[in-house]
Amino acid sequence: MNAPDVVVKLEGITKVYRQESVAVHALAGIDLQIRKGDFAVLVGPSGSGKTTLLNLIGGLDSPTSGSIWVAGVEIGRMSRSQLSRLRLRDIGFVFQEFNLIPVLSALENVEFIMLLQGVPPGERRNRSVALLKELGLEGLEHRRPNQLSGGQQQRVAVARAIAAEPIIVLPDEPTANLDSKAGGALMDLMRRLNEEKGVTFVFSTHDPMVVERARRVIRLRDGRIEADELRPT
Amino acid sequence: MLLTLAWRNVWRNRRRSAITLSAIAVGVAALTFVWGFIDGMNREMVANTTRYFAGDMQIHLRGYHEDQTLDLAMTNAAAVLGTVLADPAVAAASVRLEGRALASRGDKSRGVALVGIAPGQEVRVTDLFKAIVAGSPLSATATNGVLIGSRLAEVLRLTVGDELILVGQAYDGSVASSRVPVRGVFETKIDELDGFLAVMPLDAVRDFLAAPGGGTAIALRLKDPGALPAAEARLRMSLGERYEVIGWPTLLPMVVASVRYHEVTGFVVLTIFFIVVAAGVANPVLMAVLERTREFGVMLAVGTSQARLLRVVLYEAILLGLFGLVLGNAVGVGVTMFFQYQGIDFTAFEAGLRTMPGLSDVVYPVARLDRSLMISAVVFGTACLVSLYPAGKAALLEPVTAMRGMAGLSRRARGGGGTAIRLPVFVLVAARNILRNPRRTAITVGGTAFAIVAFVFLFGYYDGFSEQIIDNSTRYLTGHVQVERAGFRQDLSTDLSLGSSDTLLAQLRGAPNVEAAAPRIQAQGIASSTTKSEGILLIGISPEVERKVTFIDRAMVEGAMLRTGDDRSIVVGRKLAETLNLRMGDKVVVMAQAADGELGTAAYRISGIFATESASFDGGIGYVTLSAAQSLLALGTGVSTINVRLADPAALDETVDTLRRHLRGPGLTIVSWPALLPQVDEMVRVIRIMRAIVLVIVFAVTALAVMNTVFMTVAERTREFGVMMALGTSPGAVVRLVIYETFALMTMASLLGYSLGVLLVTYFARRGLDLSRFFEGYVTIPGVTGIAYPRLVVASILGPGIVLFLATILASLYPAWRAARLDPARAIRHA
């Protein structure tokens with residue numbers, strides 16, 4: 001990787017899925033660099049490759065060809081357990097369906113990653129409590145996911161994603177299951193985290209409100225980057 | 001259309017369908033085989049015991065069956081035979097004259113049933129002649145000669161051509177004796193026949209018993225054994241009140257008792273299987289519905305009626321049930337039929353099997369269409385029945401909430417209790433997951449706990465039963481160890497006495513672990529009342545010393561046990577007293593072969609009657625004092641055996657070794673109870689094998705059911721596992737999580753199962769399990785009593801419990817491994 005502030009770099013990435021006997025070209029040659037502090041969105045119609053690209057960056061999937069570097073390390077040929085460690089250390093995920101662990105409370109969900117990382121109990125407890133407070137979830141720490149509203153659940157998911165201080169957070173359609181008010185609040189929150197804490201975000205979305213708040217918009221069509229534009233802050 | 005939908009659903013989740021199928025199939029196959037095995041044993045018992053001697057039915061003068069005395073002989077047997085043969089259902093019939101005699105040769109003797117037959121008629125009724133292994137059958141014109149069983153020949157050391165001396169009581173009350181050449185030896189593998197039956201031409205027995213023209217029984221064979229009840233009723237009509245018509249179930253109550261015992265045991269085992277199989281089937285069917293809430297919501301939303309949805313779910317259960325039945329029946333009937341032709345060789349346990357009348361070494365299971373149909377119907381009905389609940393739940397779903405996910409079926413999480421992570425997180429997650437679906441957890445825990453209860457109870461029952469047989473046999477009859485001259489046990493010969501016992505007794509009493517030692521005399525004899533005779537084991541005891549070794553004195557129901565000096569008294573079992581029609585104070589004449597070669601005869605008065613609940617004790621033993629027996633058998637001061645009671649019966653082998661090293665004497669042997677009571681020892685071994693078979697099948701089905709549950713929990717949480725892995729949870733941690741859940745399930749099931757099982761065993765251990773109805777007539781197993789007391793042997797239930805625990809953990813490794821191999825990107829998208 002050339003520039004020191006590049007956290008993710010993709011070169012000549014293709015991804016072909018086989019569905020029955022038909023080959024589906026999800027990505028057809030992607031070159032992309034994500035810099036530290038980016039607040040970028042991947043936009044495009046359904047099937048344009050947004051989620052596939054996000055999964056490749058997050059080490060959830062491997063490319064058919066091309067190379068991906070995360071924090072300067074090539075991840076294309078990593079084993080399952082190496083990828084697992086990479087996701088634990090460097091990547092934060094926020095999912096469209098929230099996907100909190102249903103049997104854990106809000107606080108425990110946030111603590112979960114730090115626990116896997118081996119953060120001492122006292123420290124992870126303090127950090128989780130502080131994060132939940134910062135995200136406006138004070139008093140809801142011990143509620144289980146199904147006792148929280150969609151917006152609250154997604155904020156817990158954001159807290160979980162940033163708790164371990166990853167180098168990049170990848171929200172996949174984070175507002176798709178939220179009303180506009182909750183969605184707007186969530187985006188403001190993430191933007192604030194980006195500005196104040198320097199957390200790097202790459203979203204995939206259909207939501208104009210998300211696009212509106214982004215500083216970089218990467219447009220995908222048929223598995224290619226159609227446009228990559230920066231917006232003034 | 002609905003059927004097509006159900007069909008495709010079955011194929012859609014092949015793994016789940018495969019597990020459901022295998023649960024049904026394993027259950028059906030196991031049930032088929034176990035039932036076939038029990039049927040096979042029963043069929044052989046009935047066929048062998050009737051075909052060699054008893055026949056399908058017998059005709060007597062009224063009252064003879066209850067009181068087998070020559071006074072009740074038919075004087076016009078030929079006329080009765082004619083009436084019997086005229087019945088259309090009767091294939092053949094044969095007149096017999098039965099009596100008791102003491103059979104001797106040299107210094108060896110044994111009480112036998114002496115039966116006179118008409119060879120020409122008999123050969124058409126029974127297969128006794130086909131069982132001749134040496135010599136030849138009696139010819140139709142034979143006027144003399146005797147056929148004896150192989151065991152009797154062995155005991156009396158007789159071969160074909162040797163002469164046998166018979167002594168008995170004739171019709172007129174006089175003593176009859178005769179010298180008869182052995183014509184042939186038969187072997188039916190039925191102890192009562194091989195060891196205690198002597199068959200002679202009818203006229204010879206009539207002469208011997210001074211009963212010319214008489215016959216005590218007419219044995220007959222039916223054209224169709226199934227026509228027994230009808231033929232019985234018809235013959236009763238044609239013969240009238242003077243005669244009794246007795247079918248084989250009454251003639252051979254012990255066979256009926258054995259058959260009933262097998263059926264009861266079989267039904268207990270089958271019921272346990274049914275419940276385990278039902279739990280195994282209920283689980284996947286329930287899960288199949290729960291995990292498709294959203295899909296059912298969509299179907300309801302697009303206008304599918306509740307009834308139709310109910311039918312789709314039911315059809316799925318029916319399809320799975322049918323496949324399972326086909327597979328299970330194919331395997332079960334296949335295996336049963338294979339062994340029906342091959343037989344299952346139990347030669348190693350022959351003595352144990354022979355305790356069941358008519359059984360010997362090879363058991364041939366029977367595949368029966370009616371059994372298969374019944375098993376299929378019940379299992380199929382169970383599958384449909386258990387699917388009704390989830391089907392009903394599916395049909396009652398609210399479409400909108402159902403489409404949103406698991407609402408309506410999944411339990412709402414408990415309120416925020418302020419709990420924090422204190423346990424290791426995966427243990428916590430596992431524990432909470434267990435509570436997440438209480439219904440599924442309840443089914444799995446309940447099913448597994450039931451299996452544990454069943455096995456704990458069965459083991460408790462078998463352990464108690466085995467221990468009871470051992471304890472009763474040793475404490476009533478043999479003690480733990482017997483010191484004797486080599487070979488004494490084979491024929492109880494009076495010339496194999498130990499001589500004077502004082503030195504030996506002193507040595508024994510000084511040996512470690514020996515609690516008490518008592519000298520005894522044991523001999524075969526025949527006891528006669530004024531009207532009847534019966535072969536007995538005559539035991540001479542030194543009353544005060546004997547009391548420390550065996551506890552027969554505690555079983556007295558009338559009078560009292562002998563005291564030293566009661567040399568004119570005899571104590572007999574209640575059944576023997578009934579057979580000989582004797583009461584307290586009545587006179588009994590006992591004849592036995594004495595050591596000087598003469599026939600010893602003595603008269604005693606009954607001074608006590610005991611009842612041990614064991615038919616073989618109560619019906620075949622008479623106790624006299626040591627000095628009375630010494631005098632009868634001309635033994636001087638000699639004794640036959642010294643019987644020893646140990647302080648610690650568990651240290652039997654060590655004690656026997658020590659005694660063998662310390663006791664010296666010409667031809668002296670130390671025999672432990674398993675050798676003294678081989679049928680008890682082998683019965684205990686057979687019981688162990690039976691319980692192992694039951695255990696393996698119950699555990700296999702249980703492990704399968706638990707594996708199925710784990711599969712379901714993994715399948716329904718695919719997305720959750722995907723998320724955890726996306727967040728960086730390692731595959732190893734996922735495997736651990738799944739295993740923790742199985743661990744938690746099994747811990748709950750074990751706690752519940754063991755608690756209930758232990759309670760049940762403890763309850764019945766105190767109260768006793770009254771099975772006397774099933775054991776009456778079980779004369780060949782010494783020590784079997786009517787009431788079984790289950791016993792909790794921690795060591796014997798702990799091992800299988802641990803094995804089940806580990807087996808289920810092992811069974812959960814596969815679904816755990818599958819979970820760890822999930823592709824997180826796809827798993828997250830899993831609906």
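Convention: sequence-line order gives letters A, B, ...; per-chain numbering from 1.
Legend: residues meeting side-chain contact (heavy atoms from CB on, under 4.5 Å) with A:D61, ordered by chain and number and at least two apart, are A:K15, A:Y17, A:N55, A:L56. Applying the ring-ring contact (aromatic ring centres under 6.0 Å, His included) rule to B:F721 yields no partners; only residues at least two apart in sequence or on another chain are considered.
Under a 4.0 Å N-O distance rule, the pair A:E165/A:K197 does not qualify as a salt bridge. With respect to A:K9 and A:E11, a salt bridge is recorded, a charged nitrogen being found less than 4.0 Å from a carboxylate O.
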**Asked** Between A:L220 and A:I225, does a side-chain contact (heavy atoms from CB on, under 4.5 Å) hold up when you go through it step by step?
**Response** CA-CA 5 Å; A:L220 293 175; A:I225 295 177; 3.6 Å; yes
**Asked** Run the side-chain contact (heavy atoms from CB on, under 4.5 Å) check on A:F112 and A:L104 step by step: do they pass?
**Response** CA-CA 9 Å; A:F112 184 74; A:L104 296 181; 4.0 Å; yes
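With hydrogens and angles disregarded, no donor-acceptor distance shorter than 3.5 Å links the side chain of A:K50 to the backbone of A:T205.
Annotation: residues 735-752 of chain B contacts chain A through no residue [non-hydrogen atoms, separation under 4.5 Å]. Contacts between residues 814-824 of chain B and chain A, defined by a heavy-atom separation under 4.5 Å, are made by B:A820, B:R821, B:L822, B:D823, B:P824.
At a cut-off of 3.5 Å, with distance as the only test, a side-chain donor of A:S204 or A:D172 sits close to an acceptor on the other residue. Between the side chains of A:T14 and A:S65, at least one donor-acceptor pair of N or O atoms lies under 3.5 Å.
Of the atoms belonging to A:R160, it is side-chain heavy atoms, and not backbone ones, that fall under 4.5 Å from chain B.
In this structure, A:D222 places its CG atom where only 12 or fewer heavy-atom neighbours from other residues, nucleotides or ligands lie under 6.0 Å away.
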